Structure formats: structure tokens, C-alpha cells
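Comments concern the structure below.
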Amino acid sequence: MIPLRDVIPSRTFPFFTIALIAINAAAWFYELSLDEDRLIAFLGAWGVVPARFESSTLISSMFLHGSWSHVIGNMLYLWIFGDNVEDRMGHGRFLVFYLLAGIAAAYGQMAINPDSTLPLIGASGAIAGVMGAYLVLYPHSRVLTVVTLLFFWEVVEVPAIFLLGFWFVAQLFSAGAIAATASSEGGVAFMAHVAGFLVGVVGVF
């Protein structure tokens, strides 16, 4: 399922949602300007590397991405859900909430793989927090979503509680499977998604 937009208009201008998207985009285009060796060094310096953890990377890591699909997918979710959460929380509180969710997500991922030498990057943990907050604030909202089945697809309105609940359960099972097999080197940081989402659910109050 690919969400396209929700049905609730924002009452205020989503200043920080747009600013966060712009910063992520700028960082991504900077990454594209680097050759492979410089990019590896850059991500190693500014991403969270659990085996040699530095607290200063907790913020910088959530503005870095590993591929076009990674950054586009994250920014799509932030655009869909961020404006409404910012609207309800207020601009300043939303920014603090977003950053704290991202920090908690990084700690959640490090907890299951503290010896990893691969940099943990991406905004998905922070955005998971936004999604968790959206679920609490707008449980009866509906999200225009592309639903695919083999070679067929259809655009339908899906209840937010179902879409976000399904997403969270999928992340939870994936994180559990990885933890059980101890195969958490590389790939998607599912535990970061779980931790960020739970912080969003609790931290919105």
C-alpha cells in the first residue's frame, strides 16, 4: 500500500514539515555530489555507528539517506502526516517532538545491534513517531492509498487506523524476525521504526 494524501486539511502553514523536507532534500543532493569513497566517509562520520557511538550523530543521521527510494518514501510519509500533526501540536513542539522521536528510534535500533559498524541513517524513525502521533490524533481519518494486487492496482480511501496499524505490525514482526536470527547487519532498521512509532503514540499527549 502506498499512501498519497490524507483527507484532513491543515489549518495552519506546516512550516517545520516543509523545512524538514527541504533540509533532507538538500542533504540528499549533497550526498549525490560525492564520489563513492567520500560518500562512505561522510556517512560514517555523520551517521550513527553503534560500535563507535557519538551522540552528536543522533541528529545529523536522521537527515541522511541511502537511495532515491529511501528519501522519496520518507518525505512522502512526512508530507502526508506531518502537516496535520504539526497543526495540532504547534510548530515548536512539533520540531522538538520530531527530533526526540528520531533520537529514540536510533537508540531502539542500537539496542538490538550495539556492535554494528554500519552507519544508521534515515528520517524513518522520526517519521514513524509522526505516524504514531497521527494515529492517536486522527484515528478516524482516511488516507487515499494505492493498493496493489499482483499486476492490478486501485486507489482507495483506507482508514488511517488500519493503514498505520498494519504498517506498525509489519515493522514489529520484521524487527522480531531480525532479532531472532541475529541478522541485523544492514538493510531496513525495523526496530528504529518500532521505537519511533511508540514514542509518537506516547509523546503526543
Side-chain angles (χ1 to χ4, degrees), residues 1-4 6 47-51 58 61-62 64-82 85 97-98 100-154 156-205:
M1 293 187 291
I2 304 173
L4 300 176
D6 70 337
V48 172
V49 180
L58 287 169
S61 63
M62 67 180 80
L64 306 176
H65 291 85
S67 68
W68 276 105
S69 61
H70 191 198
V71 67
I72 290 174
N74 276 347
M75 295 307 100
L76 174 63
Y77 275 78
L78 179 56
W79 174 249
I80 292 171
F81 301 110
V85 176
F97 168 85
Y98 178 91
L100 289 178
I103 290 170
Y107 276 114
Q109 186 65 28
M110 286 191 291
I112 66 168
N113 194 19
D115 300 320
S116 174
T117 58
L118 296 178
L120 176 63
I121 59 173
S124 53
I127 296 168
V130 173
M131 293 164 65
Y134 188 98
L135 179 62
V136 173
L137 295 172
Y138 303 98
H140 303 298
S141 176
R142 304 179 74 83
V143 181
L144 196 66
T145 305
V146 176
V147 178
T148 59
L149 181 62
L150 296 178
F151 299 106
F152 302 96
W153 60 274
E154 186 174 358
V156 298
E157 284 190 357
V158 177
I161 193 169
F162 173 79
L163 177 68
L164 298 177
F166 177 83
W167 181 90
F168 176 72
V169 170
Q171 306 307 302
L172 187 62
F173 274 93
S174 297
I178 288 176
T181 58
S183 60
S184 52
E185 282 292 329
V188 179
F190 292 109
M191 187 55 72
H193 298 172
V194 171
F197 191 93
L198 293 176
V199 167
V201 169
V202 175
V204 70
F205 294 107

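One is the number of the first residue; the rest follow in order along the sequence. Note that the structure is predicted; figures quoted are calculated from it, not measured. Computation of the quantities below employed the complete heavy-atom set of this structure, encompassing side-chain atoms and omitting hydrogens, waters and symmetry-equivalent molecules.
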Indicate the atoms forming the closest heavy-atom contact of Gly66 with Ile121, along with that distance.
-> N-CD1, 3.8 Å

Please name the residue in the list Leu144, Thr145, Val146, Leu164 that meets the side chain to side chain contact (heavy atoms under 4.5 Å, CB included) test with Val158.
-> Thr145

Once you round to the nearest 0.5 Å, how far does CZ of Phe168 lie from CZ of Phe173?
-> 10.5 Å

Going through the distances and angles, do Val48 and Met62 end up as a side-chain contact (heavy atoms from CB on, under 4.5 Å)?
-> CA-CA 9 Å; Val48 172; Met62 67 180 80; over 6 Å; no

Smallest separation among heavy atoms of Thr117 and Ala51, with atom names | CG2-CB, 3.9 Å

Closest contact, heavy atoms only, Gly47 versus Ser61 = CA-CB, 3.8 Å

Nearest heavy-atom approach of Leu120 to Ala106 is CD2-CA, 3.8 Å

Check the pair Tyr138, Asp6 against side chain to side chain donor-acceptor pair (under 3.5 Å), reporting the backbone distance first and the verdict last.
-> CA-CA 10 Å; Tyr138 303 98; Asp6 70 337; over 6 Å; no

Side chains of Phe81 and Val143: does their closest heavy-atom pair fall under 4.5 Å?
-> yes

Within 6.0 Å of CH2 in Trp167, more than 12 heavy atoms from elsewhere | yes

Non-hydrogen side-chain atoms of Asn113 and Met110 separated by less than 4.5 Å = no

Of all residues at least two apart in sequence or in a different chain, which pass the side chain to side chain contact (heavy atoms under 4.5 Å, CB included) check with Ser67?
-> Ser69, His70

Between side-chain atoms of residues 147-154 and protein atoms elsewhere (two or more places apart, or another chain), which donor-acceptor pairs fall under 3.5 Å?
none

Which residues satisfy the side chain to side chain contact (heavy atoms under 4.5 Å, CB included) test with Ala123, sequence neighbours excluded?
-> Asn24, His65, Asn74, Met75, Tyr98, Ile127

Pro119 versus Val49, closest heavy-atom pair with distance | CA-CG2, 3.9 Å

All N/O donor-acceptor pairs, side-chain side in residues 188-197, below 3.5 Å, sequence neighbours left out:
{"residue": "His193", "atom": "ND1", "partner": "Gln171", "partner atom": "OE1", "Å": "2.6"}
{"residue": "His193", "atom": "NE2", "partner": "Ser124", "partner atom": "OG", "Å": "2.9"}

Sequence neighbours left out, what passes side chain to side chain contact (heavy atoms under 4.5 Å, CB included) with Ala133? Give chain and number order.
-> Val85, Met89, Phe97, Val204

Who passes side chain to side chain contact (heavy atoms under 4.5 Å, CB included) against Ile161, sequence neighbours left out?
-> Leu135, Pro159

